[in-house]
Amino acid sequence: MGRREKEFVREITSQEADYSQWYLDVVLKAQLMDYSPVKGCMVIRPYGFALWENIQQGLDRRIKDTGHKNAYFPLFIPESLLQKEAEHVEGFAPEVAWVTHGGSEKLAERLVVRPTSETIICEMYSRWIQSWRDLPVLINQWCNVVRWEKVTRPFLRTSEFLWQEGHTAHRNEEEAEAETLLMLDVYRDFAENDLAVPVIPGRKTENEKFAGALRTYTIEALMSDGKALQAGTSHNLGEHFARVFDITYLDKDGTLKYVWQTSWGASTRLIGAVIMVHGDDRGLALPPKIAPVQAVLVPIAPKQARETVLRRAQALFSELKEAGVRLELDDREEYSAGWKFNEWEMKGVPLRIELGPRDLESGQAVLVRRDTGEKVTAPLAGLGGKVAALLLEIQANMLEKARRFREENTSCTDDYGEFKRIIEERRGLIVSHWCGDSECELAVKEETKATIRCLPFRPEGPPGRCLRCGSQSGTVAYFARAY
RNA sequence: CGGGGCGUAGCGCAGUUUGGUAGCGCGCUUGGUUCGGGACCAAGAGGCCGCAGGUUCAAAUCCUGUCGCUCCGACCA
């Protein structure tokens with residue numbers, strides 16, 4: 001980037017200089033969030049929340065299309081409920097917030113502020129489920145959860161965050177497993193098609209799985225600094241919770257059986273993924289499908305032509321709005337055109353439409369893409385179609401670009417020395433053979449800070465030797481340093 | 001939870017070493033000129049120097065404590 005270009009983005013630290021600071025500059029200056037008086041908690045500002053609402057819409061539609069219904073369960077969970085599943089408590093106890101008083105009265109039983117809702121939902125399912133005819137139960141809820149984190153980062157890890165959590169109950173393992181994988185694929189589809197974030201679906205190791213789950217599946221994304229981010233998880237809970245919460249049903253054959261359950265969730269962390277996959281030194285870059293503002297119309301209005309240009313801009317604005325584009329008209333007089341260009345780029349708006357006196361003379365508008373910086377002119381007649389087409393192209397290009405980046409930053413090796421070198425110098429994802437032993441996994445983590453992000457469903461290539469211990473292995477794992 | 005860095009105007013910082021009337025740039029307000037990649041002139045407003053104690057005639061400055069943000073490690077969506 002030349003010096004001239006740097007001047008435009010003087011408000012944002014460059015990724016190269018300090019990636020973490022870049023991220024913080026972007027979330028603050030694009031006004032996605034602000035810090036709050038409560039440690040670890042953030043305020044999601046209107047622009048950030050609009051982004052979240054678009055994410056919600058895309059996910060909610062898919063969740064409903066796969067037969068689930070939304071419901072709402074309480075924020076507070078009695079301590080005794082949380083205690084029931086041993087692994088689950090152990091996993092979450094260190095980071096729960098407790099309610100000990102109601103007004104000035106001490107509570108007979110402490111309440112936890114939900115860190116996740118398995119327990120309270122199981123409590124209800126045990127009442128609701130009696131017969132095989134009651135199954136499957138397919139419920140989702142959108143809510144906030146609280147996990148008392150020691151180290152927080154906006155969107156990536158906050159003490160309170162927003163998410164959806166699906167909780168289902170099924171007759172048997174087969175159905176539960178199918179549901180678990182179906183929802184993982186819903187997340188994959190959403191991440192790729194709406195967020196333009198390519199992901200690697202796979203299974204978590206025993207060490208990395210959800211507290212209380214039988215199996216955990218994940219979609220993993222690669223950020224532009226070479227670190228991986230878990231972008232959504234889907235758990236097959238087996239009969240673990242059913243046994244302790246006594247969720248049983250009378251099956252067709254007349255015997256009483258435990259249900260098989262699943263749970264799956266995706267959170268405001270997805271916003272962090274979008275920022276770190278697509279953002280650059282100019283700031284945010286949002287894929288059109290979730291961008292709160294898909295295109296901004298900037299009139300260039302010198303004094304002599306102001307009236308004419310503004311009138312025409314207004315008309316174009318209404319026309320494009322009607323065509324279904326999420327559009328903003330920036331006719332603020334106190335800012336110069338150039339200032340606006342930079343601000344909207346920082347906010348990640350996918351497309352800018354410039355309309356000035358010269359354009360009016362030639363009956364066209366100037367369109368500038370956020371993803372490539374490419375500038376094209378298009379006739380005013382039928383501009384709606386052109387804009388819609390460009391937005392689709394931008395969406396596709398952003399996914400393609402992210403995919404290319406991920407491919408260029410995925411290495412394959414079974415050589416531990418090389419593995420260490422890659423992790424230190426280049427980072428990214430590393431596909432290596434793994435013997436399946438937890439000891440090797442933990443040793444690699446200890447020695448390189450890289451963890452197994454997931455075990456892919458379709459391991460490619462021939463068998464090899466475990467990265468760490470060298471024993472024969474047909475299993476490959478994706479390793480990376482992670483957020 | 002351990003180690004480092006930072007808290008002074010909305011934002012970015014100087015001032016702290018050596019205690020003595022709180023400063024700069026950007027932004028903000030008003031008026032005017034401007035508008036095709038962060039325009040310009042003029043006049044203004046804005047501070048319990050993170051918070052609480054202490055030392056002192058006097059504290060942004062020295063001491064103690066505390067809170068917050070941040071980076072690096074151990075735990076997590």
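All values derive from a computational prediction rather than experimental measurement. Residue numbers start from 1 in every chain, and the chains themselves are labelled A, B, ... in the order their sequence lines are given, proteins ahead of strands.
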Looking only at heavy atoms, what is the nearest atom pair of D437(A) and E439(A), with distance?
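In this case the closest contact between D437(A) and E439(A) is OD1-N, 2.9 Å.
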
Between [atom2] of [N] and [atom1] of [X], the distance in whole Å:
| X | N | atom1 | atom2 | answer |
| --- | --- | --- | --- | --- |
| Y23(A) | C69(B) | OH | P | 15 Å |
| W142(A) | A77(B) | CH2 | P | 18 Å |
| E160(A) | A77(B) | CD | C1' | 14 Å |
| Q230(A) | C76(B) | CD | P | 11 Å |
| L156(A) | U70(B) | CG | P | 11 Å |
| F210(A) | C75(B) | CZ | P | 18 Å |
| N207(A) | C76(B) | CG | C1' | 14 Å |
| K375(A) | G36(B) | NZ | C1' | 7 Å |

Interatomic distance, H235(A) atom NE2 to F210(A) atom CZ [nearest 0.5 angstrom]:
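Rounded to the nearest 0.5 Å, the NE2-CZ separation comes out at 5.0 Å.
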
Using 0.5 Å steps for rounding, measure from the CD atom of E220(A) to the OG1 atom of T233(A).
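Going from the CD atom of E220(A) to the OG1 atom of T233(A) covers 9.5 Å.
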
Given [options], the nucleotide with the shortest approach to the side chain of [X]:
| X | options | result |
| --- | --- | --- |
| W339(A) | U34(B), G38(B), G36(B) | G38(B) |
| I300(A) | A77(B), C69(B), G36(B) | G36(B) |
| K39(A) | C69(B), G73(B), G38(B) | C69(B) |
| E149(A) | C76(B), G36(B), G37(B) | C76(B) |
| T158(A) | G36(B), A77(B), C71(B) | A77(B) |
| R269(A) | A77(B), C71(B), U70(B) | A77(B) |
| E95(A) | G37(B), C76(B), U70(B) | C76(B) |
| R157(A) | G37(B), C69(B), C76(B) | C76(B) |
| R358(A) | U70(B), G36(B), A77(B) | G36(B) |

Heavy-atom nearest nucleotide on RNA chain B for T233(A) versus T152(A): which residue maps closer to 5'?
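Its nearest nucleotide being more 5', the pick is T152(A).
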
P154(A) vs E446(A), nearer the 5' end of RNA chain B by closest nucleotide:
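Here P154(A) is the residue nearer the 5' end.
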
Does [N] have OP1 or OP2 under 4.0 Å away from a side-chain N or O of [X]?
| X | N | answer |
| --- | --- | --- |
| K150(A) | C72(B) | no |
| Y335(A) | C28(B) | yes |
| K303(A) | U34(B) | yes |
| R153(A) | C71(B) | yes |
| Y483(A) | C76(B) | no |
| K449(A) | G73(B) | yes |

Sticking with atom [atom1], work out how far [N] lies from [M], rounded to a whole angstrom.
| N | M | atom1 | answer |
| --- | --- | --- | --- |
| U8(B) | A22(B) | C1' | 8 Å |
| U66(B) | G47(B) | C1' | 23 Å |
| U29(B) | C76(B) | P | 49 Å |
| G2(B) | A60(B) | C1' | 30 Å |
| U70(B) | C57(B) | C1' | 39 Å |
| C67(B) | C11(B) | C1' | 22 Å |

Base-pairing assignment for [N] (Watson-Crick or G-U wobble, both under 3.5 Å):
| N | result |
| --- | --- |
| G65(B) | C51(B) |
| A9(B) | none |
| C1(B) | G73(B) |
| C28(B) | G44(B) |
| U56(B) | none |

Could you tell me whether [X] contacts a base, only the sugar-phosphate backbone, or nothing, with contacts defined as non-hydrogen atoms closer than 4.0 Å?
| X | value |
| --- | --- |
| P94(A) | nothing |
| D18(A) | nothing |
| G40(A) | sugar-phosphate |
| S267(A) | base |
| V145(A) | nothing |
| G356(A) | base |
| R352(A) | base |
| L24(A) | sugar-phosphate |
| V151(A) | base |

Is a donor-acceptor pair below 3.5 Å formed from side chain [X] to base [N], judging by atom type as modelled?
| X | N | result |
| --- | --- | --- |
| E345(A) | G37(B) | yes |
| S336(A) | A39(B) | no |
| R147(A) | C76(B) | no |

Do [X] and [Y] come within less than 4.5 Å of each other through their side chains, counting heavy atoms only?
| X | Y | value |
| --- | --- | --- |
| V387(A) | L351(A) | yes |
| V43(A) | Y35(A) | no |
| S263(A) | E165(A) | no |

So, F341(A) and G38(B): ring centres less than 5.5 Å apart, planes less than 30° off, yes or no?
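No, aromatic ring not over the base.
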
Main-chain N/O of I219(A) paired to Q230(A) side chain as donor or acceptor, under 3.5 Å
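No.
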
Under the 3.5 angstrom rule, does the side chain of D194(A) hit a backbone N or O of K289(A) as a donor-acceptor pair?
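Such a contact is absent between D194(A) side chain and K289(A) backbone.
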
When E345(A) is tested against each of R352(A), K340(A), K29(A) for salt bridge (Lys or Arg N to Asp or Glu O under 4.0 Å), which residue passes?
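Single pass found, and it is R352(A).
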
Output yes when R370(A) and D280(A) qualify as a salt bridge under the 4.0 Å nitrogen-oxygen rule, no when they do not.
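So R370(A) pairs with D280(A) through a salt bridge.
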
